[in-house]
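A short write-up of the structure that comes next.
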Amino acid sequence: MKIIKVILENMNKASQKNKALMIFKPVLNAMDEFFFGTDKVTSLPHIVDNMDIKRLMSLVIIALMPVTIASVYFWGLRVFLVIMVSYAFGGLIEVCFAVFRKKEIHEGFLVTGLIFPLILPPGVPLWVVAIGVMFGVIFGKEAFGGTGRNIFNPAIVGRVFLTIAFPNIMTMNWQMPFNKGLGGFIHFQNSVDAITTATPLALFKNQGIITSYSNLMLGQSAGCIGETFRVGIIAGGLFLIAMRIVDWRLPLAYLATVVIFPYLGNHLIHTQFALGGFQLLSGGLLLGAFFMATDPVTSPFTKPGRWIAGFLLGFLTVLIRGLSGYMEGVMFSILLVNAFTPLIDTMVLKARYKKK
Amino acid sequence: MLKPARTFRGGYRFKNFNGQARPVIVENQIPALVTIPLKQGFGAELKSLVKKGDAVFAGQTIARDDSVVSSPIHSSVNGVVEDVKRMNYFKRQTAMVIIRTTNASKEIPRLERCSLEWARLSNEKIEELVYLSGVSSLDREGIPTRFKSSIIPPEEVKHLIVHGIGSEPYNISLDLLLKEKNLLNFLEGVKILKRIMPNSKVHLSLNSKKRNIIEQVTKLTSQLEWLDTYPLEPKYPQGYDEILVPTILNQNFPYGYSAANIGVVILNIQAVLGVYEAVCEGKPFIERIIAICGPSIKDNIHIKVRVGTSLKDILAERVKTESPIRVALNSLLTGFQLNDISLPVDRTFSHIIAIPEKREREFLSFMRLGKTRDSYTRAFLAEMLPWVKRAPDTNKHGEERPCISCGFCERACPVKIIPHLLAKYVQRNLIDETIMNYGIFNCIECGLCSYVCPSKISLMKIIKEGQDKLIMQGCDSTQCILPYFNLKGIKEYRGVTKL
Ligand code: SF4
Ligand code: SF4
C-alpha cells in the first residue's frame with residue numbers, strides 16, 4: 001500500500017515538472033482513485049450508500065469470472081491473450097479520449113473490455129480483436145459523449161462490426177472445446193483438427209441435428225469464447241440479480257419469449273424454428289440476456305419499458321435465427337432494441353404522465 | 001390476531017445502525033443559561049412579552065399571540081432575562097430570549113385548572129390547556145385548537161393519525177416512550193385529542209416490529225370504535241405525512257400543501273404524551289426527551305432537557321473527541337447539520353446524531369467485504385450478517401460519475417417519480433412544464449435518491465434546484481394540485497417557504 005502511494009506521488013511530481021507528461025494526469029488520477037478511494041464528504045443527506053460505480057463494475061466482472069475461467073479450460077491459454085489485447089487496445093482508446101476531453105477515466109470500460117472477447121469465436125486473430133474493440137469503444141461509446149450517454153452497447157457494436165467486415169473469420173472459425181484432463185489450462189490453443197465444427201445453431205439449421213442439452217449446459221459444444229459454459233452464465237446472472245444490480249424483468253421477459261414464441265414457429269415451419277428449450281440454450285442468448293441486454297445505460301429505465309424490450313428482443317432473436325442467413329440473432333436484436341430504447345421509454349412516460 | 005403490516009412502494013429499510021439510543025433516560029441538569037427562540041416548530045415568530053432585567057419563573061409565558069397561527073412560548077427556568085436579541089438560528093434571524101438561571105429548583109408550577117379527571121373539563125378548557133402548554137406547536141401542522149394553533153378549526157379534522165414508526169436510521173425508542181404508565185397516559189392523551197376534534201377518526205400507526213406494544217395497544221383500545229391500530233413496516237420515509245396519508249387512508253396527498261388542508265392532522269407519540277401532561281398534569285411544554293444517537297457518542301441514551309439548553313451543555317461530555325465528527329439534528333437524511341454548538345435546543349428537537357466525519361481515504365475501498373456497510377444493493381457482507389451493527393460515516397464512498405440509469409433512485413423514491421430523469425432535465429436546463437408533468441413538485445425531499453445513487457449524484461439537491469427555477473418562471477405546484485383537491489384553510493402555499 002505504501003509502495004503504491006510512493007510510486008504515485010513520484011509520478012505525480014514528475015508530471016508536474018514536465019509539461020508533456022501532464023497529459024497523463026487523468027491516468028494518474030484514475031489510479032489514485034482506484035487505490036485510495038475518496039476523501040470527499042457528503043452534504044445532505046449526511047450519509048450515502050456504500051455502493052459505488054467501481055464496486056458495481058467489479059461485481060459484474062466477478063459474475064463473469066466462472067465463464068472466463070471455464071473458457072480458458074475449453075479454448076486454451078490463448079484466451080488470456082485475447083482478453084489482454086481487448087483491454088489494452090480498448091483502454092488505449094478510453095485513455096486517449098479522457099486526455100483529449102480532460103475528463104476522468106470511467107470504470108465502465110472494465111466490463112466492456114472483458115465482455116467483448118467473450119463474444120468472439122475462439123480462433124479469432126488478435127489483430128481482429130484489437131480492431132473490433134477499438135471500433136466498439138469509439139463508435140459505440142465515445143462518439144455519443146462517453147459513459148452514460150451511449151445508445152448502443154459498445155461490445156456489441158464492435159462485435160457486429162466484425163461480423164459484417166470479416167464474415168469469414170467471424171462465422172467459420174469454430175472449434176470443439178477441450179474436454180479431457182486439465183484441458184486448456186495446459187494448452188495454448190486447440191489443435192488444428194478440432195477446427196471447422198459448426199455451432200449447434202448451424203448444425204440444426206443445416207442438418208437438423210440437435211445437440212444434447214447437457215452438452216450445451218456444460219460447454220461441450222462449439223461457440224464463442226464465453227457463451228458455451230451456460231451453467232456459469234446462469235449462475236453469474238442470478239448472482240447479479242440477487243445483488244440487485246441487474247433488474248430481473250428484462251432477462252425474464254427475453255428468455256420467456258424465446259422459449260414460448262418458437263412453439264408457434266415450430267408449428268408452421270419446423271425446419272426453420274428449433275424448439276424453445278434448444279433456442280434457450282444455444283448461441284449467445286444467455287450471455288446476451290444476462291450481461292448485455294441488461295446494461296442499464298442502453299436498456300429502458302422504466303419497468304414497463306423493460307418488459308417491452310425483453311419481449312422485442314426475444315421476438316427478434318427467434319426471427320433472425322429462424323429466417324435470416326445469420327445464425328446468431330442475439331447480437332443483432334440487442335443492437336436493434338438498443339436503438340429503440342429511447343422511443344420505448346418516451347412512450348412509456350407519455351402513457352404514464354398523460355394529462356388528466 | 002395482528003393485522004398484516006401495511007407499507008408503500010419504494011422506500012428503503014435502514015437496518016441495525018450502530019449507536020441506537022438505549023431505552024434509558026437521564027435527566028440533564030438545569031442549565032445556568034438558556035436561550036429560548038421565539039419561533040419554535042410550527043407557527044409564526046412571536047413578540048417577547050418580557051424585557052431585559054425581568055424576573056421569570058419556569059413555565060411562565062414569555063411570548064404569546066392569539067391572532068396568528070402559533071403557540072405560546074415559556075421560560076424554561078427560574079431566572080432573570082439577560083437579553084432579548086435577534087440571532088442567526090437555522091439560517092434565519094430569530095428573536096431569542098436569554099435567561100440566566102437564579103434558582104435551579106426542578107419544580108415547575110402547574111397550569112391552572114388542569115385535572116386528572118379531564119372528562120369533567122369543558123372542551124374549551126381542554127383546548128386552552130393544550131394551547132397554553134405549548135404542545136400544540138409540535139409536528140408539522142400543530143394541534144388545532146380554537147386559539148389558532150393550526151390552519152383549520154378542530155371540528156374540520158376528519159382524521160387524526162398518530163404515528164410511532166421509527167423508519168429513520170436512528171430513532172427515539174418506542175419502548176421508552178410507551179413504557180409502563182406512559183402507555184396509559186398516551187391512550188388518555190389520544191382520548192383527549194378525540195374530544196377536541198370530535199369529528200375525527202383516530203389512526204394509530206406503529207412500527208410493525210414492536211409486536212408487544214401493538215398487542216397491548218390493541219387490547220386496551222378494542223372497545224373504541226373510532227380508533228384503529230395499524231402495524232406499519234418501518235421503511236423510510238414512512239413517518240412522512242405525504243406517505244402516511246396514502247398508506248393509511250388510501251388517499252392522494254396534495255403535495256406541497258399540509259395534511260391539514262385535506263382535514264388530516266398528523267402527530268407523533270411525543271406530542272400526544274405532551275397533551276396528556278398538559279391537560280392532566282398541567283405541565284407546560286418546557287422539557288424535551290432527546291435521543292442521543294450515533295457511533296461518535298460515548299453512551300447512547302435518551303436525555304430529558306429543558307428547552308433553551310445549549311447544545312454544548314448536552315454534547316460536551318458525551319461525544320468522542322478522538323476524530324472529527326458531524327452532528328445532525330433529528331435525521332441523517334434530511335436533518336440540519338449542527339455546526340454551531342452554542343445553539344439552543346428547542347421544542348422540535350428529538351434526535352441528536354453524531355457520526356464520524358470521515359475524510360481519510362481508504363485503501364482499495366471498493367473491494368472491501370463490508371461487514372459494517374449499509375447498502376441498498378445486497379452487495380456487502382453486512383447483508384448476510386444481520387446481527388452485525390452497521391457503521392455510518394460521512395464519506396462519499398466513491399467518485400461522482402455520470403448517471404448510468406441503473407434505476408436505483410427510481411426504485412427507492414417513495415412518491416413514484418423518476419429522480420434521474422428529472423435531474424437530467426434540470427441539468428440540461430430544460431425547465432418547463434414537462435418536468436412539472438413528471439411530478440417534480442411531488443418530491444418530498446426525503447433524500448433517498450441521493451442516498452442510493454452509486455454514481456454519487458446529489459439528486460435531491462438538483463431536483464430542489466429545478467423546483468426553484470420553475471417557481472421563478474412562475475409555475476408552481478398550485479397548478480398540479482389545486483384542480484384535483486378540495487383544500488381547506490389555504491392561506492399560503494407552504495412548499496416554497498420550506499427550509
Ligand atoms: S428526495 Fe424526492 S425525488 Fe428523491 S427519493 Fe425523495 S421524494 Fe423521491
Ligand atoms: S441512482 Fe444514480 S446512477 Fe442510478 S439511475 Fe439514479 S441517478 Fe442514475
Side-chain angles (χ1 to χ4, degrees), chain A residues 1-2 4-5 29-30 32-59 62 103-104 106-108 145-149 240 242-247 295-303 306 341 345 349 352-356, chain B residues 169 326 328 331-335 337 353 355 357-367 370 373-380 392-408 410-411 418 420-421 437-439 447-448 450-456 458 460-461 483-484:
Chain A
M1 174 182 167
K2 282 243 176 64
I4 301 171
K5 202 165 214 162
N29 286 348
D32 188 48
E33 285 171 354
F34 181 87
F35 285 113
F36 297 108
T38 181
D39 57 353
K40 292 213 180 66
V41 290
T42 55
S43 54
L44 249 191
H46 299 291
I47 47 172
V48 294
D49 204 294
N50 282 286
M51 178 54 86
D52 69 344
I53 296 293
K54 287 199 185 67
R55 193 177 178 92
L56 203 96
M57 297 300 172
S58 321
L59 284 165
I62 290 175
K103 286 258 175 68
E104 37 332 1
H106 295 154
E107 292 79 8
T147 316
R149 301 197 179 178
L240 288 183
M243 291 279 160
R244 283 208 206 174
I245 286 172
V246 157
D247 191 62
D295 169 19
V297 180
T298 55
S299 62
F301 58 80
T302 51
K303 280 175 203 158
R306 288 184 180 151
T341 294
D345 272 337
L349 287 178
R352 191 187 318 174
Y353 295 105
K354 238 192 308 187
K355 279 243 164 68
K356 277 169 231 158
Chain B
R326 179 177 311 185
S331 163
L332 273 185
L333 280 120
T334 58
Q337 185 174 344
I353 304 153
I355 56 173
E357 180 88 294
K358 193 158 162 274
R359 285 179 196 277
E360 296 105 68
R361 311 179 68 187
E362 202 178 29
F363 186 61
L364 288 179
S365 173
F366 70 101
M367 286 190 187
R373 294 180 189 206
D374 185 69
S375 173
Y376 182 75
T377 58
R378 303 208 187 90
F380 290 84
D393 59 48
T394 62
N395 194 277
K396 276 215 155 186
H397 307 296
E399 279 79 31
E400 226 173 271
R401 288 285 179 255
C403 170
I404 55 162
S405 309
C406 64
F408 293 173
E410 185 191 350
R411 275 195 262 172
I418 307 176
H420 65 93
L421 184 72
N437 214 1
Y438 288 165
L448 261 188
S450 302
Y451 181 81
V452 299
C453 179
S455 297
K456 312 293 165 194
S458 300
M460 176 168 71
K461 209 177 277 167
Y484 309 106

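FYI, side chains are in, hydrogens and waters are out, and symmetry mates aren't considered; it's all heavy atoms of this structure. Just so it is clear: chains get the letters A, B, ... in the order the sequence lines come, proteins before strands, and each one is counted from 1.
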Is there a side-chain contact between [X] and [Y] in this structure, where contact means two heavy atoms from C-beta onward sitting under 4.5 Å apart?
| X | Y | value |
| --- | --- | --- |
| N395(B) | I47(A) | no |
| H106(A) | P402(B) | yes |
| P454(B) | I53(A) | yes |

State the [atom1]-[atom2] distance between [X] and [Y], to the nearest 0.5 angstrom.
| X | Y | atom1 | atom2 | value |
| --- | --- | --- | --- | --- |
| I245(A) | R378(B) | CD1 | CZ | 10.5 Å |
| Y451(B) | M51(A) | OH | CE | 11.5 Å |
| H46(A) | I355(B) | NE2 | CD1 | 7.5 Å |

[X] portion near chain A, given a 4.5 angstrom heavy-atom threshold:
| X | answer |
| --- | --- |
| R401(B) | side chain |
| E400(B) | backbone |
| T334(B) | backbone |
| L448(B) | neither |

Check your understanding: Under 3.5 Å, is there a donor-acceptor pair between the D49(A) and S375(B) side chains?
Key -> yes

Practice item. Establish, from distance only, whether the side-chain atoms of D52(A) and H397(B) form a donor-acceptor pair under 3.5 Å. Key: no

Practice item. Assess whether side chain to side chain contact (heavy atoms under 4.5 Å, CB included) is satisfied between E399(B) and K54(A), documenting all intermediate values. Key: CA-CA 9 Å; E399(B) 279 79 31; K54(A) 287 199 185 67; 2.4 Å; yes

Check your understanding: Between K358(B), K461(B), R411(B), which residue shows the highest count of heavy-atom pairs closer than 4.5 Å to chain A?
Key -> R411(B)

Check your understanding: Which one, G439(B), G335(B), C406(B), leads in non-hydrogen pairs under 4.5 Å with chain A?
Key -> G335(B)

Chain B heavy atoms under 4.5 Å from [X]: which part of the residue, side chain, backbone, both or neither?
| X | result |
| --- | --- |
| R352(A) | side chain |
| L59(A) | side chain |
| S43(A) | both |

Check your understanding: Under 6.0 Å from the NZ atom of K303(A), do we count more than 12 heavy atoms belonging to anything else shown?
Key -> yes

Practice item. Indicate the ring-plane relationship of H420(B) and F301(A), choosing parallel, tilted or perpendicular according to the 30° and 60° boundaries. Key: perpendicular

Study note, to complete from the structure: Between P45(A) and S450(B) the two heavy atoms that sit nearest each other are CD-CB, 3.5 Å

Revision key, fill the gap. Residues L421(B) and L349(A): closest non-hydrogen pair is CD2-CD1, 3.5 Å

Review point. Are F408(B) and L56(A) close enough, and set up right, to give a side chain to side chain contact (heavy atoms under 4.5 Å, CB included), and what steps lead you there?
Key: CA-CA 12 Å; F408(B) 293 173; L56(A) 203 96; 4.2 Å; yes

Practice item. List the steps, then state whether side chain to side chain contact (heavy atoms under 4.5 Å, CB included) holds for V41(A) with K396(B). Key: CA-CA 5 Å; V41(A) 290; K396(B) 276 215 155 186; 5.7 Å; no

Review point. Does R326(B) reach the main-chain N or O of T42(A) with its side chain, forming a donor-acceptor pair under 3.5 Å?
Key: yes

**Study point:** Intermediate values then yes/no, side chain to side chain contact (heavy atoms under 4.5 Å, CB included), Y376(B) and R244(A)
**Key:** CA-CA 8 Å; Y376(B) 182 75; R244(A) 283 208 206 174; 3.5 Å; yes

